[in-house]
Amino acid sequence: MPELPEVETVRRGLSPIMEGAHFARVELRRPDLRFPFPENFAERLTGARVDALGRRGKYLVASLSTGEHLIMHLGMSGRFTIKAGAEPARDSGVNPNHDHVVFHMRDAGLARVTFNDPRRFGFMDLSGPDRLETSRHFAGMGPEPLGNEFSAETLNAALRGRKAPIKAALLDQRVIAGLGNIYVCEALYRARLSPRRQAATVPGMRGERLHQAIVKVLREAIEAGGSSLRDFAATDGALGYFQHRFDVYDREGRACRRCGGDISRFIQSGRSTFFCGGCQR
DNA sequence: AAGAAGCCCTGATAGC
DNA sequence: TGCTATCAGGGCTTCT
């Protein structure tokens, strides 16, 4: 379940291979992922150089020499694997039936970058040469939590007046970019805030705690190479290990490390929320 | 208009 | 053992 730390881990794995390299050939093994590939997708990539590989929220963005941007989302189960040119065709180390896209990169020893995605919740898109921030995927997206524009003040401002539970507000990519179920649960635990608390009541001291908790949990998770629960692996197949440091996520029925209470689980807007009723208010 | 629910998709797992 | 039901949850669409 790639959230910001997992996507950042993938970006760091891909950038040494892709930045500065050209697409020699692009293989599409099916007409769509979650959405159809954009028109002439392979043709528009072939010959282009990757000037930079960035990330916005949970999206990977390759800026191309053609002026277009290749926008990639891992969905739930998307995985990129890198193999050098001479290695055998079984690229991803997982079921090759789900190897949907292969980028053959030159200037990188003809490395192959394979996108495998069993559930096909991932997608790829090309944005025109217009500014990225106004593109369909990024218009209205909230601040990068590890960027300069994210502060306790901007978080508070985004939460003010919101009647939804804080859990739902933090999952909303318009409030803050890149958080998913895992890191929202973990950040709320660290900030000692109940996921049920109305978002509008957070600004103030609670908002400062929450801001700190979000930044810290994301930094630690990136340092740990992300979290590998069911699907996630880095481009070299390595598993992240932040899942071993979860305080609440996937720990239903276990003891809270802080107060000794029981970690409980309930469904909030259709998704599992994990929290400690003893010390999260 | 904000908020919630439904949808997509497959693999792992639980339960019979 | 082998079948079926359930769950996982990104973001988008639809409904209230």
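Note that the structure is a prediction, hence the values are computed from the model and not measured. Note on naming: letters A, B, ... go to the chains in the order of the sequence lines (proteins, then strands), and numbering restarts at 1 for each one.
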Does a side-chain N or O from Arg30(A) land closer than 4.0 Å to OP1 or OP2 of dC9(B), or not? no
Residues Ser227(A) and Tyr183(A): side-chain donor-acceptor under 3.5 angstrom: yes
Check for me: is Phe121(A) stacked on dG9(C) by the 5.5 Å centroid and 30° plane-angle rule? yes
Using whole Å, what does the distance between atom P of nucleotide dA5(B) and atom CG of Leu171(A) come to? 13 Å
Given dG11(B), dG11(C), dG3(B), the nucleotide with the shortest approach to the side chain of Ala164(A): dG3(B)
The side chain of Tyr249(A) lies closest to which of these nucleotides: dT10(B), dC12(C), dG9(C)? dG9(C)
Choose from dA4(B), dG9(C), dG10(C) the nucleotide whose nearest atom is closest to any side-chain atom of Ala168(A). dA4(B)
Arg119(A) side-chain N/O to dG10(C) phosphate OP1/OP2 under 4.0 Å: no
Answer yes or no: does a side-chain N or O of Arg120(A) lie under 4.0 Å from OP1 or OP2 of dC8(B)? no
Looking at Phe266(A), does the NZ or CZ of Arg196(A) lie under 6.0 angstrom from its six-membered ring centre and within 45 degrees of the ring axis? yes
Got a salt bridge between Lys58(A) and Glu6(A), using NZ or NE/NH1/NH2 to carboxylate O under 4.0 Å? no
Residue pair Ser272(A)/Arg34(A) against DNA chain C: nearer the 5' end by closest nucleotide is Ser272(A)
Starting the side chain at C-beta, find the nucleotide from dG11(B), dG10(C), dG3(B) nearest to Met76(A). dG10(C)
In this structure, how many angstroms lie between the P atom of dG10(C) and the NE2 atom of His137(A), rounded? 18 Å
Identify which nucleotide among dG3(B), dT10(B), dG11(C) has an atom closest to any side-chain atom of Lys58(A), counting heavy atoms from C-beta outward. dG11(C)
For Phe123(A) and dT13(C), give me the distance from atom CZ to atom C1', rounded to whole Å. 14 Å
What's the CZ-P distance between Arg174(A) and dA2(B), to the nearest Å? 7 Å
Is any NZ, NE, NH1 or NH2 atom of the basic residue among Arg136(A) and Asp125(A) found under 4.0 Å from an Asp or Glu carboxylate oxygen of the other? yes
Rounded to the nearest Å, what distance is computed from the CZ atom of residue Arg271(A) to the C1' atom of nucleotide dG10(C)? 7 Å
Would you mind telling me which residue lines up with the more 5' stretch of DNA chain B, His98(A) or Lys163(A), judged by nearest nucleotide? Lys163(A)
Specify the separation, in whole Å, of atom CD1 of Ile267(A) and atom C1' of dA5(B). 13 Å
From CE of Met72(A) over to P of dG11(C), roughly how many Å is that when rounded to an integer? 16 Å
Phe35(A) has an atom CZ; how far is it from atom P of dC8(B), in whole Å? 13 Å
Do Asp32(A) and Arg30(A) sit within salt-bridge range, that is, some charged N less than 4.0 Å from a carboxylate O? yes
Report yes if at least one side-chain N or O of Gln173(A) is closer than 4.0 Å to OP1 or OP2 of dG10(C); otherwise report no. no
